[in-house]
Chemist: 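Questions regarding the structure given below will be posed in turn.
Note that these values count all heavy atoms, side chains included, but never hydrogens, waters or copies made by symmetry.
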Amino acid sequence: MADWEIEIPGDAPEHDPAHEAIEARLAASSEQALLAQEAMRAAERELSSLVKEAVAAGIPVPKVAALSRVTTDDIHRVLERGSLY
């Protein structure tokens with residue numbers, strides 16, 4: 001038998017409850033990630049609309065850019081660290 005060959009037993013292994021629990025948590029985590037991604041896209045659309053409104057309302061563009069940058073920095077911080085601070 002070569003090093004890379006795996007012998008598969010004829011009988012299916014019994015399900016391990018611990019493994020099933022981990023699999024369920026992984027599936028839930030995946031669903032949470034998808035929901036977070038959808039929320040981030042919605043926040044991005046909202047921020048885009050707010051920037052347009054702010055500029056149209058006469059707020060100076062550098063101020064709008066700075067404020068929106070703070071928001072996007074916060075978003076990236078949460079994604080990278082898992083928390084805002």
Chemist: Would you say that Arg77 contacts Asp74 through its side chain, given a criterion of any heavy-atom pair below 4.5 Å between the two side chains?
Modeler: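 Yes; the side chains approach each other to less than 4.5 Å.
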Chemist: Show every salt bridge (charged side-chain N to carboxylate O under 4.0 Å, His left out) that has at least one partner inside residues 22-40, sequence neighbours left out.
Modeler: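 Residue pairs passing salt bridge (charged side-chain N to carboxylate O under 4.0 Å, His left out), neighbours aside: none found.
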Chemist: I'd like to check the side-chain contact (heavy atoms from CB on, under 4.5 Å) partners of Ser48; sequence neighbours left out, ordered by chain and number.
Modeler: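 Lys52.
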Chemist: Give the other cluster members for Leu26, using side-chain heavy-atom distances under 4.5 Å between Ile, Leu, Val, Met, Phe, Trp and Tyr residues; answer none if it is isolated.
Modeler: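 Ile22, which link up through side-chain heavy atoms under 4.5 Å apart, make up the rest of the cluster.
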Chemist: Could you pull out all residues at least two apart from Gln37 that satisfy side-chain contact (heavy atoms from CB on, under 4.5 Å)?
Modeler: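 Per chain and number, Gln37 pairs via side-chain contact (heavy atoms from CB on, under 4.5 Å) with Leu34, Arg41.
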Chemist: List the atom pairs, donor and acceptor, that lie under 3.5 Å between side-chain atoms in residues 58-68 and the rest of the protein, sequence neighbours left out.
Modeler:
unit_1, atom_1, unit_2, atom_2, d
Ser68, OG, Val64, O, 3.1
Ser68, OG, Ala65, O, 3.0

Chemist: For Arg69, check side-chain hydrogen bond (donor to acceptor under 3.5 Å, both in side chains) against everything at least two apart and list the hits.
Modeler: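 Result, side-chain hydrogen bond (donor to acceptor under 3.5 Å, both in side chains) vs Arg69: Asp73.
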